Chemist: 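Structure in structure tokens, see below.
Note that the structure is a prediction, hence the values are computed from the model and not measured. Every chain is numbered from 1, with letters handed out A, B, ... down the list of sequences.
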Amino acid sequence: MKLELGRIKIHDVQFGPETKVEKGVLYVNKEEIEKLVLEDERLIGAQVELARPGESVRIAPVKDVLEPRVKVSGGGGIFPGMISKVKEVGSGRTHALVGAAVVTCGKIVGFQEGIIDMSGPAAAYTPFSATNNVCVVIEPQEGLETHDYEAAGRMAGLKVASYVGEAGRNVEPDEVVVYETKPLQEQIAQYPDLPKVGYIHMLQSQGLLHDTYYYGVDAKQFIPTFMYPTEIMDGAIISGNCVAPCDKVTTFHHLNNPVIEDLYKRHGKDLNFIGVILTNENVFLADKERSSDMVAKLAEFMGLDGVLITEEGYGNPDTDLMMNCKKVSQKGIDVVLITDEFPGRDGKSQSLADAVNEADALVSCGQGNLIIEFPPMEKIIGTLDYVETMIGGYEGSLRPDGSIEAELQIIIASTIANGYNRLAARGY
Amino acid sequence: MALLITNNDKAKKFCMDCRKEVEVIYLADGTYLDVLLRTRDYVHRGYRLLTHPLCGSVKPNQTPYRSVLLEKQSAREENFRSVELIENSIDAARKFMRNRGTPRWNERTREDFKTVDLSFLTVYEQRNYV
Amino acid sequence: MEKKRIVHYINNFFAGIGGEEKADIPPEVREGVVGPGLALQTALGDEYEVAATVICGDSYFGEHMDEATETLLAMIKEYDPAGFVAGPAFNAGRYGVACGSIAKAVEQELGIPVVTGMFTENPGADMYKKDVHIILTKDSAADMRKSMPKMAALLKKMMSGEEILGPAEEGYIERGIRVNYFAEERGSARGVEMLVRKMAKEPFETEYPMPVFDRVAPNPAVKDMKHAKVAVVTSGGIVPVGNPDRIESSSATKYGVYSIEGKDTMSPEEFMTIHGGYDRAFVLNNPNLVVPLDALRQLEKEGEIGELNNYFIATTGTGTSIGNAKGFGEQFSKKLVADGVDAVILTST
Amino acid sequence: MVKEIERAGIPVVHVCTVVPISLTIGANRIVPAVGIPYPLGDPTLGDEGSYKVRMKLVKKALDALQTEVDGQTVFE
């Protein structure tokens, strides 16, 4: 499977009468976006605002972040099973508006989501302080059931990202990157002397506000499966998870999975990237047992020499992470884990909720319990009403002047556990 | 037979109406930690965990609600893993509580927390757990 | 400019008072430097003054921890110091524990920077590394010349409010505190690099070492049971009727010590169970089911065991945290040792 | 508790109903008890029968204390 990803670099975003890309500037038609969102009768309010890197802007509470992309050729459409019809993606050509993002925000439930600051000390922790953001603030019908509201919010983000992505269809990209993974035997034959490497991608799938979808299927309903790495770049995986801001894998992060990108960078040089094993993070221990058995079986079947494993979340998923690590190691396969840490306020407690001896190679994406302070911002997109009830916030977090003191957890994707950021933790 | 330990009335109702037979211990005034501690009592009595005690990404000092499903087994059967999991979970929960206690939530938010907690259990009806 | 005052803690041995025979001397204070204090003064330089040295015998400190700490704190406070140094203790176990304990107390009570030094295998290192900075030393006093300047340098940095860097840079024993930093490369790139190394059998370093499970090696077997003193400890919640110590039925925060002197059996009129975790009817009827006094007394009479300890120790295991259980164990084990107990039967339900 | 007793230098045998728990908490000499709700004895066998069971377990515990072990050992 071969995908040409055309990267159209965006360095500014502006409102305009027509949604289009011109000389690296993304123009969006505010009214069209708002109309698009309000097609869903579960939502009664939609307001579009823009946020650019360096501005004194705070966005809260954030539900999801997406990169606008469009499928130019090769079959299927972006976000298959959600926006486009279910059809295999990952081949042909896709255009991405790199440097732009769609951010959905507004109240979903009273206790989650997080913050993006476009400037100041907190901006350094989130990748979305560096993107030109089209923010969609949504408002639900009174009394809308929680499941329905989550779904409406999720769909709004996907629709707007697809709509904005269309603007890149006929634009000549600044660069085209080609990614290719062949069917198993051919792929092994291509670099017979290099170690065969796979990526075990654990998807959050515990329940409401903790779900992820693969071609439209709730990840808790599938059993572990094989995926070509390029499928994810066309939106085969989307996020329905909006709890725990710091290590939330947004849809943006699925489209731009850093492990897949970095494995491709060394593909054919010091390793042979065979493909992705998708698995889930379940609540029932028997489901964990079954899924980790199947992960190890697939890894063995694919003849892998080494794997990277990433998780999403803390606590329950740590158990899946450790079970996957143990069982894959027992097949004689080398394992490296990537995760973030929660060692408590003083940094002295155990960082993970589970541990196995086989987990001897672990990359840290930083610890989320660190307290940070962020100054007031001139403009708020969304509302600060929920700061104190977000994960990482607490009573007294929001001060009268609009400044905030909270745990790092409150910032979107600050300790994201797939290695997207440079943040790490070490022992002192 | 499965045993549900919960302080969430929605989870209690789900298990009482469930097609499978579930015994319910409902701690009406219990905290998240109370549910974990009661769970540990039962694990020490030879029960085995069916669900992970820390499920959900809402941290133990955020949500007031917790539900854990267990199953009775003979005392000699291997429940090492359950012992380890519940101990680690209690340690982790206490770590977060030490940071900061659970906020006093309004009614609407408490309802949302209950709905999320319940959503972790609903697959129980659709699958076989042996 | 007035010099910044430092107080230094050393034991009887380093004070030149004497060895093991002087390990029981109570706390005392002397003006200025004593013994290794000279090396400390030299390393600190002219802007600092080792104003006083406090001294205590290692055994005395171990046996009167609270009292000794209080006395020493009062002595130290007199000098209104800007910083405090204990040791270094190298591989001396009791000295290491004393250094860690007093340094922790000084930091907590006086709120001033403290530094101590130890060999990594000193038991004091594990006990106090999370609380205070412990400079890593070699296992003998021959390392004094090298370790004292490191201790002085770290203390000076702390006093001037400079950022304290990692263990490798500063020379202290890793404290197990997780601190954030921005790495050169993103996590996924570091992960791929780590995997490539691991597969090639090249050295790599994990960024988060897994916790080590605490295990204690078994003690040698009892050689002569016929002359051994045997004690019973139980987590089964057996207490005198009425539960005089109010031990909790689960998640216990305390334990009780109860006499069985002159008794041949655990009578249900005298003892009961408060255990929260099991059906109590059988045990309420016959507490010997948890504390097997009747059988042990019989074996004592037959001479199978030398002596049955005249009390048993009880708490409830159900829901009791590992931390609490560890705390109890440490306390009552001291008592058991002091009372000459040779072997313990621990019963749990 | 068992580790702290051992650490204090006193050999200790853990008579317990749930062996995995004993293994988890780090006991070195482990004797499985009869079971919850009656660890040492079996009241269903009457007073005398129960006492015999208890005596047997206590003797097994004493034997365990007199046996050298080099790691966690369950005396079945």
Chemist: Any heavy-atom pair between the side chains of C:Ser348 and D:His14 that's under 4.5 Å?
Modeler: yes
Chemist: Using a 6.0 Å cut-off, check whether atom CD of C:Glu302 has over 12 heavy atoms from anything other than its own residue.
Modeler: yes
Chemist: Tell me, for C:Asp342 versus chain D, whether the close heavy atoms (under 4.5 Å) come from the side chain, the backbone, both or neither.
Modeler: backbone
Chemist: To the closest 0.5 Å, what do you measure between CG (C:Leu289) and CZ (D:Arg54)?
Modeler: 5.5 Å
Chemist: For C:Glu121, does the CD atom sit with more than 12 other heavy atoms under 6.0 Å from it, leaving out its own atoms?
Modeler: no
Chemist: Quick one: what part of C:Asn288 sits under 4.5 Å from any heavy atom of chain D, side chain, backbone, both or neither?
Modeler: both
Chemist: Does C:Asp66 have more than 12 heavy atoms from other residues, nucleotides or ligands lying within 6.0 Å of its CG?
Modeler: no
Chemist: Considering non-hydrogen atoms only, spot the tightest contact between C:Pro218 and D:Gly71 and give its length.
Modeler: CG-N, 3.9 Å
Chemist: Looking at CD of C:Glu330 and CE of D:Met1, how far apart are the two atoms once the value is rounded to the nearest 0.5 Å?
Modeler: 12.5 Å
Chemist: Can you find a heavy atom in the side chain of D:Ile10 that is under 4.5 Å from one in the side chain of C:Val337?
Modeler: yes
Chemist: Need one label for C:Ala343: side chain, backbone, both or neither, based on atoms under 4.5 Å from any heavy atom in chain D.
Modeler: both
Chemist: Is there a side-chain contact between C:Leu299 and D:Val58 in this structure, where contact means two heavy atoms from C-beta onward sitting under 4.5 Å apart?
Modeler: yes
Chemist: Between CG of C:Asn286 and OH of D:Tyr51, what distance do you get to the nearest 0.5 Å?
Modeler: 11.5 Å
Chemist: Within the side chain of D:Glu6, is there an N or O that forms a donor-acceptor pair under 3.5 Å with the backbone of C:Asn219?
Modeler: yes
Chemist: Show the nearest heavy-atom pair for residues C:Val233 and D:Ile5, with the distance to one decimal.
Modeler: CG2-CD1, 4.4 Å
Chemist: Are more than 12 heavy atoms from other residues, nucleotides or ligands located less than 6.0 Å from atom NZ of C:Lys229?
Modeler: yes
Chemist: Using a cut-off of under 4.5 Å for heavy-atom pairs, which of C:Ile305, C:Asp294, C:Leu336 has the most such pairs with chain D?
Modeler: C:Asp294
Chemist: Go through D:Leu62, D:Thr67, D:Val69, D:Asp70 and name the one with the most non-hydrogen pairs under 4.5 angstrom from chain C.
Modeler: D:Leu62
Chemist: Using heavy-atom distances under 4.5 Å, tell me whether C:Tyr255 contacts chain D through its side chain, its backbone, both, or neither.
Modeler: neither
Chemist: Distance check, rounded to the nearest 0.5 Å: C:Glu304 atom CD versus D:Lys59 atom NZ?
Modeler: 6.5 Å
Chemist: Count the heavy atoms of every other residue, nucleotide or ligand shown that sit under 6.0 Å from CD of D:Glu68, and state whether that count exceeds 12.
Modeler: yes
